[in-house]
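Right, one structure below, let's go through it.
Reckoned from all heavy atoms, side chains included, excluding hydrogens, waters and symmetry mates.
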Amino acid sequence: MSTSLSKAIAISAIGWQKMLSESCSLEKALEVCLAGQPNEMKGVVQSLLYTTVRHRAKVELLLGKLVKKPPQENTKALLYIALALLLEGKEKAFTVVNQAVDAAKMNAETAWSSGFINAVLRNFLRSRSQLTTGFKTNLSAQFNAPGWWISKVRKAYPNQWRGILSTQNKQPPLTVRVNRSQISVSDFLLKLEQNGLTGKQVGPWAVVIEPACPVNKIPGFFEGLCSIQDAGSQLVTELLTLKEGDRVLDACAAPGGKSAQLLETFKLDLTAMEIDPKRAPRIKDTLSRLNLNAKIVVGDASDESCVEKLGDFDAIVLDAPCTASGIVRRHPDIVWSRRPEDVALLAQRQRKILETLWKRLPSGKDLLYIVCSVFPEEGPEQIKCFLEKHPEAHLKGTPLAPDGVLRLLPTEQEADKNLPTNHDGFFYALLTKRG
């Protein structure tokens with residue numbers, strides 16, 4: 001690494017300690033520990049933290065064997081980072097040990113523990129095969145998830161749970177959505193080739209770029225030729241039929257990917273709604289880069305008085321807040337930050353938003369319900385309950401989803417020719433209101 005690994009380990013340990021002590025997200029931890037750091041440090045620290053998250057369960061097992069008495073939190077954080085690096089195996093072992101020791105010496109609060117860290121890491125290297133034997137029989141270590149999460153996925157998908165969990169513990173591909181209003185997929189693939197990159201079409205407008213690279217290396221990104229978006233998330237315009245001039249509400253819209261896709265495909269009067277005032281500006285940023293326009297509203301989609309002010313719509317897209325259990329490979333910290341009770345709490349919020357938005361949909365119009373979750377409570381069970389309560393609500397079939405419902409499980413395998421491949425987990429339901 002061109003950047004000092006010891007310094008990167010020290011910075012990463014600050015973020016990791018915050019994640020453990022405050023249960024904050026990986027994104028928030030990166031924001032905190034990278035504040036004021038030079039750009040060349042950001043990529044290294046991000047890589048270190050993602051590596052540590054992906055090896056968290058294994059490291060916890062190792063620490064239980066290597067350390068008799070839990071060290072103070074800042075020392076433990078350094079051990080987490082270093083052990084994860086050793087398990088990853090991309091850096092030479094002696095380099096990792098030396099740099100972790102140097103990282104401890106950089107901080108007066110951890111300098112005393114440099115010898116302790118050196119001893120623990122060298123002990124691991126001496127007894128590695130013995131210490132890691134239990135990984136093969138420990139499900140948490142195999143799939144890097146807490147027991148309750150594994151049990152929940154296993155119960156929901158008794159024949160597919162291993163594949164789902166295995167896929168979610170791998171690094172995701174770099175997938176983009178080609179801007180159909182600016183360039184065809186074939187021309188975009190040619191553009192990639194001309195710039196020394198390889199592209200593979202994995203959906204109607206989805207392309208995986210290899211090798212993965214920063215956005216400033218993607219040809220045409222800043223000119224609006226494409227956007228970063230998982231292939232499984234790009235099916236809004238394949239499921240929803242719209243016409244020019246339709247009033248469309250994209251509820252829970254940040255960061256604006258689905259709003260952008262709708263506007264790239266149809267000439268619409270679109271309102272993008274977002275509850276978080278800090279995230280709402282990201283919608284504007286997304287649309288501005290693509291030279292698109294929409295009405296952006298900061299508000300709660302579950303608040304009837306707030307939504308009522310917007311009037312009725314010809315179509316509503318509800319990408320509901322959820323556990324995000326379908327996008328773990330992109331956000332590996334999710335399995336550790338969620339609690340078992342979160343599933344029911346989020347399902348309750350989804351239900352409230354769905355009820356509120358349904359009132360703003362005239363007869364004959366459609367609502368597309370979406371969650372990036374694999375848990376049944378947030379997908380099929382949610383829609384089943386809604387249909388039982390609302391006799392005027394019906395599932396609307398489309399060529400892509402004949403029964404009006406589409407469930408995508410995380411996969412790297414080739415899927416049906418009409419569906420995207422190599423995608424995260426999503427659930428779609430197209431509801432229509434009849435008089």
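- Annotation: side chain of T323 is in contact with side chain of E378 (closest heavy-atom distance under 4.5 Å).
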Donor-acceptor contacts, no H, no angles, side chain residues 9-20, under 3.5 Å, sequence neighbours left out:
residue: S12; atom: OG; partner: A8; partner atom: O; Å: 2.7
residue: K18; atom: NZ; partner: E22; partner atom: OE1; Å: 2.7
residue: K18; atom: NZ; partner: E22; partner atom: OE2; Å: 3.2

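- Relative to the ring axis of F313, R247 places its NZ or CZ within 45° and under 6.0 Å from the centre.
- Every residue two or more places apart in sequence or in another chain was checked for a ring-ring contact (aromatic ring centres under 6.0 Å, His included) with W205, and none qualifies.
- Shown here are the ring-ring contact (aromatic ring centres under 6.0 Å, His included) partners of F426, two or more places apart in sequence or in another chain: there are none.
- Partners of E388 by side chain to side chain donor-acceptor pair (under 3.5 Å), not counting sequence neighbours, listed by chain and number: K384.
- When ring centroids are compared, F375 and W149 come within the 6.0 Å threshold.
- Side-chain N/O atoms of T110 and N74 include no donor and acceptor closer than 3.5 Å.
- For residues 271-285, no pair satisfies side-chain hydrogen bond (donor to acceptor under 3.5 Å, both in side chains), with sequence neighbours left out.
- Under the ring-ring contact (aromatic ring centres under 6.0 Å, His included) criterion, W161 pairs with F143, sequence neighbours left out.
- For K152, the side chain to side chain donor-acceptor pair (under 3.5 Å) test picks out E377, with sequence neighbours left out.
- Residues meeting the ring-ring contact (aromatic ring centres under 6.0 Å, His included) test with Y50, sequence neighbours left out: none.
- Applying the ring pair (Phe, Tyr, Trp, His ring centres under 6.0 Å) rule to pairs touching residues 210-250 yields nothing, sequence neighbours excluded.
- There is a side-chain donor-acceptor pair under 3.5 Å between S373 and S325.
- Identified under the side-chain hydrogen bond (donor to acceptor under 3.5 Å, both in side chains) test for residues 172-184, with sequence neighbours left out: R177-S227, R177-Q229, R177-E264, N179-S181, R180-T237, R180-E238, R180-T265, S184-S186, S184-D187.
- With sequence neighbours left out, C306 forms a side-chain contact (heavy atoms from CB on, under 4.5 Å) with M273, D303.
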Which pairs of donor and acceptor atoms, one on a side chain in residues 60-69, lie under 3.5 Å apart (sequence neighbours left out)?
residue: E60; atom: OE2; partner: R56; partner atom: NE; Å: 3.0
residue: E60; atom: OE2; partner: Y80; partner atom: OH; Å: 3.3
residue: K65; atom: NZ; partner: L131; partner atom: O; Å: 3.2

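- No side-chain donor-acceptor contact under 3.5 Å links H423 and E412.
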